[in-house]
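A short worksheet on the structure shown next.
Chain letters run A, B, ... following the sequence lines, proteins first and then strands; every chain starts at 1. Just the heavy atoms: all of them, side chains too, but no hydrogens, waters or symmetry mates, feed the values below.
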Amino acid sequence: MNVSGVVVERINAVVARLYPDAVGDLDSAARPSDRADAQINIALGLANKVGKKPRDVAQHIIEQLDVRDVCTKVEVAGPGFLNLTFADPHLTAALGAVSRDQSLGVQQAASPQHVVIDYSAPNVAKEMHVGHLRSTVIGDALVRMCERVGHRVDRENHIGDWGTPFGMLIEHLVDLGEVGAARELSVGDLDGFYKQAREKFDGSESFQQRARARVVALQGGDAETLRLWGLLVAESARYFATVYEKLGVKLTNDDLRGESAYNPLLAEVVERLKALSLLTVDDGAEVVFVDGFTNRDNEPLPLIIRKKDGGYNYATSDLACVIDRVERIGATLMLYVVGAPQAQHLSMIEAVATKAGWLNPPARKAPPARKAPPAHGASPARMVHVAFGSVLGSDRKMLKSRAGEAVKLIELLDEAVERADASIAQKNPELSVDERRKVARMIGIGAVKYADLANDRIKDYVFDWERMLSFDGNTAPYLQYAHARICSIFRRAGVSRESARAAQITLAHANERSLALWLLNYDSAVWDALERYSPHRLCTYLYELATRYTAFYEHCPVLKAESDAIRDSRLALCDLTARVLSDGLMMLGIESPEQM
RNA sequence: GACCCCGUAGCUCAAUUGGGAGAGCAACGGACUUCUAAUCCGUAGGUUGCAGGUUCGAUUCCUGCCGGGGUCGCCA
C-alpha cells in the first residue's frame with residue numbers, strides 16, 4: 001500500500017548484502033522531501049558504522065539497487081541522501097488501491113489496545129469554561145483516532161461529584177427548594193448557584209455548620225442526603241450533555257464516571273498498600289513516599305493516601321481509578337487528557353501504581369503501536385499523561401472575560417456560531433437561512449476545535465477569533481472550504497462521487513502529481529499523530545493537503561479539461577481528496593459541509 | 001531554593017524522533033475580471049534566547065546561563 005515500502009525493502013536487502021555487519025538500528029524510513037518524491041537517509045548512519053563517506057555508501061547502494069519498475073530516478077543528494085522519484089504508473093496504482101480501500105490506505109492497529117481515555121472532567125454544579133475546552137476537544141480527537149485504527153476505546157468523563165463543597169451545595173439546594181434549584185440549574189447558570197452557596201458559606205456561621213453536618217451525612221450514606229446530591233449531579237449532567245452536543249463530541253451520560261464511583265474502592269487502596277508495606281504514617285497522615293520526588297526543602301515528598309482526619313483525597317481515588325481501569329475494564333492503555341500542571345501528580349500516581357504492581361508497564365518506551373508485539377497473558381497497562389497548555393488571550397495571559405472571570409464555554413461556542421453565520425451571510429448570500437444556520441454551526445464549532453487542535457498541545461496558544469475563522473491559513477474553514485469546493489464540482493458535473501472512483505488516474509500535470517503524492521502520505525500522517533497523541537500533526541497534514549488541492553484546482557481545470565479521460569482522472573483525484581479531508585476532519589471531530 | 005514546560009521571520013505557528021529551516025497573516029512587486037465559489041505567481045524577511053559540548057551533520061540530544069509560565073503534603 002505504501003508507495004515507498006517496496007523501495008525501502010529492496011534497499012534494506014541491498015544494505016544487508018553489502019554491509020552484513022552493520023545491520024540493526026538503521027534509519028531506513030522514507031520521508032517526504034521538497035526536492036524529490038521521497039528521501040531515504042540510511043546511508044548517513046551506515047557510513048558512520050562502516051567508516052566510509054556517506055555519499056560513497058549511498059552511491060554504492062544505488063549501484064546495487066534495482067527499482068526500475070517503481071522509480072524513474074534514484075540519486076545521491078546533499079550529504080548522502082537517497083532522493084527517489086517514483087514512476088507514475090507506480091503512483092497511480094497505489095492511488096487506485098487507496099481509493100478502493102474503505103480505510104483510505106490507513107493501516108489498522110496490528111495489536112489493538114483497550115484504551116481508556118480520561119477527558120473533559122467538569123465539576124458538578126460548576127459552569128464549564130474555556131479550561132475544559134482543551135481536554136474535551138483533544139480527548140475527543142484521540143477517541144476518534146484510536147477508534148479509527150481499530151483500538152477498543154472507553155471514554156471516561158471523570159466529573160468532580162464528591163468532596164466537601166457538596167455540603168454547602170446541598171444546603172443551598174435545600175434553601176432554594178428542589179423545584180427552584182432545578183430551575184436555577186437548568187438555565188445553565190451553574191456559576192451563579194455555586195457562588196450563592198459560597199457566599200452563604202463565607203457569610204453565615206449557621207450555614208457553615210449545616211454544610212459541615214451535611215458533608216458528614218453525605219459521607220455516611222444518609223439516604224435523603226444522597227437523594228439531594230443525586231439531584232445536583234443529574235441536573236449538572238443534563239447541562240453537560242447540552243454543552244457536549246453543541247460542541248459535537250462523543251461524550252454522553254453513559255461515559256460519566258464521577259469520583260464518587262470509586263468510594264467503595266478507597267478503603268481497599270489503603271489495605272492493598274498496607275499489605276505491600278508501602279504505606280507509612282507521617283505527620284498523622286497515611287502516605288507513600290516515592291523515590292525521586294522532593295518538596296521545597298528537598299525532603300522526600302509523599303503522596304497522601306489518607307489525610308490526618310481520616311478522609312481520602314484525590315490521590316486515593318486516582319489510584320482506585322487505576323485499579324478499576326486495569327482490573328475491571330481490562331485497559332492496556334490509559335490516556336489522561338489533563339493539563340500540564342498536573343504532571344507531577346500524575347507521575348506520582350504512576351510511580352505508586354507501578355511500585356504496587358498495578359500496572360506492570362513494559363520496559364519498552366515506544367508508543368503503542370502498530371508494530372508492538374501482541375500482548376500475551378495479562379496485558380500490562382501503560383499510563384500516558386496527554387498534557388496540554390493554556391488558552392491565552394491576546395494579552396498572552398490566561399483567557400478571561402471582560403469582567404475578569406473565566407469565559408463560559410457555552411458562550412464561547414455560541415459566539416463562534418454567530419460569527420460564522422455572519423461571515424457566511426456576507427460571503428454566500430444565496431444560501432437559504434436554514435442551510436446557513438446549519439453550515440454556521442459546522443464552521444463555527446469546527447473553527448474553535450481546529451484552532452485548539454492545530455497547535456502543539458504542550459504549548460499555550462493565543463485565542464483569536466479572526467484568525468481561527470479566516471478562510472486562509474491553517475484553519476478549519478480553509479479545509480472545509482476545500483471540501484465544499486470539491487462537492488460543488490461534483491454537483492455541477494452531475495457525476496456521482498462513487499462512479500468517479502473507477503476512472504484511471506493519470507498524472508500529467510505537476511500539480512496533479514504533487515496532490516497525488518500527498519494523498520499517499522495519509523496513512524503515515526495518521527499514525528504519526530496517533531503515536532505522539534498529537535492531533536496537530538494530523539492538522540498539519542490536512543492543511544498541506546488542502547493547499548496542494550487548491551494549487552491543483554487553480555491550474556488543472558476539471559470540468560473544462562481538454563479530454564474526457566483527463567476530466568475523469570481529475571474527478572477521481574477530487575473525490576479521493578474530499579474523502580481524505582472529510583475522514584481526517586472526522587477524526588478531529590469536525591464536520592465537512594458540502595456547501596458553504 | 002528544587003523540579004517540570006516553553007523560547008524559531010514584525011505577528012501567530014509548523015518542522016515526521018539527529019538530516020537540505022517552512023507556512024499563514026502583515027509588507028513589497030506583478031498577473032487575473034470569473035468558467036469551478038471566496039484568486040494566483042513572485043520578492044523580501046533567520047546567528048532557531050545566549051554560550052559551550054557530542055556528531056559528518058543540532059531547532060531537535062547533553063551541560064551552564066538568560067527570559068516567560070507552572071508545580072512543590074492534608075483542595076481537586
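As judged by a 4.0 angstrom heavy-atom cut-off over every strand, A:Asp161 is placed among residues making no nucleic acid contact. At a threshold of 4.0 angstrom between heavy atoms, the contacts of A:Arg491 include nucleobase atoms, whether or not backbone atoms are also involved. Across all strands, A:Cys574 comes closer than 4.0 Å to no nucleic acid atom at all (heavy-atom distances). Counting any heavy atom pair closer than 4.0 Å across all strands shown, A:Phe81 reaches a base atom. Note on A:Ala121: nothing from the nucleic acid sits closer than 4.0 angstrom, heavy atoms only. A:Ala484 comes within contact range of at least one nucleobase, with a heavy-atom separation under 4.0 Å.
Residues that satisfy the salt bridge (Lys or Arg N to Asp or Glu O under 4.0 Å) test with A:Asp575, not counting sequence neighbours, are A:Arg497, A:Arg501, A:Arg579. Taking the side chain to side chain contact (heavy atoms under 4.5 Å, CB included) definition, one finds that A:Gln208 meets it with A:Phe201, A:Arg212, sequence neighbours left out. Listed by chain and residue number, nothing satisfies the salt bridge (Lys or Arg N to Asp or Glu O under 4.0 Å) test with A:Arg485 (two or more places apart in sequence, or in another chain). Listed by chain and number, the residues in a salt bridge (Lys or Arg N to Asp or Glu O under 4.0 Å) with A:Asp202 are A:Arg198 (sequence neighbours excluded). Residues meeting the salt bridge (Lys or Arg N to Asp or Glu O under 4.0 Å) test with A:Arg325, sequence neighbours left out: A:Asp118, A:Glu156. A:Tyr543 meets the side-chain hydrogen bond (donor to acceptor under 3.5 Å, both in side chains) test with no other residue; sequence neighbours excluded.
As a whole-Å value, the separation of A:Asp27 CG from B:G57 C1' is 14 Å. Atom-to-atom, CZ of A:Arg532 to C1' of B:A15 comes out at 11 Å; the value is rounded to the nearest Å. A:Phe471 has its CZ atom 16 Å from the C1' atom of B:C25, to the nearest Å. Here B:A37 presents its C1' atom at 13 Å from CG of A:Leu559, a figure rounded to the nearest Å. Following rounding to the nearest Å, A:Asp523 (CG) and B:U16 (P) show an atom-to-atom distance of 18 Å.
Judged by distance alone, with hydrogens and angles left aside, the side-chain atoms of A:Asn123 form no donor-acceptor pair with the main-chain N or O of A:Lys126 at under 3.5 Å. The backbone N or O of A:Asp421 sits nowhere less than 3.5 Å from a side-chain atom of A:Ser423 that would complete a donor-acceptor pair. Formation of a donor-acceptor pair under 3.5 Å by the A:Ser470 side chain with backbone atoms of A:Glu466 is not found in this model. In this structure, the side chain of A:Tyr262 does not engage the main chain of A:Arg257 through any donor-acceptor pair within 3.5 Å. Side chain of A:Arg134 to backbone of A:Asp452: a donor-acceptor contact under 3.5 angstrom is found.
For the pair A:Trp518 and A:Ser33, both in contact range of RNA chain B, the more 5′-proximal nearest nucleotide belongs to A:Trp518. Projected onto RNA chain B by closest heavy-atom contact, A:Pro54 and A:Ala30 fall at different nucleotides, the more 5' of which corresponds to A:Ala30.
Aromatic ring orientation, A:His555 versus A:His509: parallel (interplanar angle below 30°, classes split at 30° and 60°). Relative orientation of the A:Trp518 and A:Tyr541 rings is parallel, given thresholds of 30° and 60° on the angle between their planes. By the 30° and 60° cut-offs, the orientation of the rings of A:Tyr314 relative to A:His345 is parallel.
Atom-to-atom distance recorded for A:Asp37:CG and A:Ser514:OG is 9.5 Å, nearest 0.5 angstrom. To the nearest 0.5 angstrom, A:Leu453 atom CG is 9.0 Å from A:Leu538 atom CG.
Comparing B:A23, B:U16, B:A37 by their closest approach to the side chain of A:Arg537 singles out B:U16. Ranking B:C6, B:G20, B:A14 by closeness to the A:Ile458 side chain, first place goes to B:C6. Of the candidate nucleotides B:A15, B:U16, B:G24, B:G24 has the atom lying nearest to any side-chain atom of A:Tyr543.
Put simply, the side chain of A:Gln39 and the base of B:G20 share a donor and an acceptor less than 3.5 Å apart. Donor-acceptor pairing under 3.5 Å, judged by distance alone, is present between the side chain of A:Ser488 and the base of B:A37. Judged by distance alone, with hydrogens and angles left aside, A:Asn41 brings no side-chain donor or acceptor close enough to the base of B:G20 to form a pair under 3.5 Å.
B:G10 and B:C50: their P atoms are spaced 13 Å apart (whole Å). Separating the C1' atom of B:G22 from that of B:A44 is a span of 15 Å, rounded to the nearest Å. Distance check on atom C1': B:U16 versus B:G30 gives 36 Å, rounded to whole Å. To the nearest whole angstrom, the two C1' atoms, one in B:C4 and one in B:A27, are 40 Å apart. Nucleotides B:G20 and B:G24, compared at atom C1', are 23 Å apart to the nearest Å. Rounded to a whole angstrom, the distance from the P atom of B:A9 to that of B:G46 is 10 Å. A distance of about 48 Å separates the C1' atoms of B:G73 and B:G57, rounded to the whole Å. B:C28 sits 37 Å from B:C6 when the P atoms are compared, rounded to a whole Å.
Listed by residue number, the members of residues 420-432 of chain A with any heavy atom below 4.0 angstrom from RNA chain B are A:Lys427, A:Asn428.
Between the side chains of A:Asp161 and A:Ser260, a donor-acceptor pair is found at a separation under 3.5 Å. Side-chain polar atoms of A:Asn157 and A:Tyr119 form no donor-acceptor pair below 3.5 angstrom. A:Tyr312 and A:Asn263 share no donor-acceptor pair across their side chains, judged by distance under 3.5 Å alone.
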Bracket string, RNA chain B, 5' to 3' - pairs by Watson-Crick or G-U geometry under 3.5 Å, | interstrand: (((((((..((((.....[..)))).(((((.......))))).....(((((..]....))))))))))))....
Would you tabulate the nitrogen or oxygen pairs shorter than 3.5 Å linking the protein to nucleotides 66-68 of chain B?
none

With the criterion being N/O to N/O and under 3.5 Å, what pairs connect the protein with nucleotides 8-12 of chain B, and how long is each?
{"unit_1": "B:U12", "atom_1": "OP1", "unit_2": "A:Arg396", "atom_2": "NE", "d": "3.4"}
{"unit_1": "B:U12", "atom_1": "O2'", "unit_2": "A:Arg467", "atom_2": "NE", "d": "3.2"}
{"unit_1": "B:U12", "atom_1": "O2'", "unit_2": "A:Arg467", "atom_2": "NH2", "d": "2.7"}

Produce the list of close N/O pairs, under 3.5 Å, pairing protein atoms with atoms of nucleotides 39-45 of chain B; give distances to one decimal.
{"unit_1": "B:U39", "atom_1": "O2'", "unit_2": "A:Glu554", "atom_2": "OE1", "d": "3.0"}
{"unit_1": "B:U39", "atom_1": "O2'", "unit_2": "A:Glu554", "atom_2": "OE2", "d": "2.8"}

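Minimum interatomic distance between A:Leu581 and A:His483 (heavy atoms only, all atoms of both residues): CD1-N, 3.9 Å.
Between A:Tyr549 and the options A:Leu515, A:Leu519, A:Leu573, a side chain to side chain contact (heavy atoms under 4.5 Å, CB included) holds for only A:Leu515.
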Nucleic acid footprint by protein, nucleotides 70-76 of chain B - heavy-atom cut-off 4.0 Å, B for base, S for sugar-phosphate alone: S-BBBSB
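Remark: A:Arg492 is not in phosphate contact with B:C35, judged by side-chain N or O atoms under 4.0 Å from OP1 or OP2.
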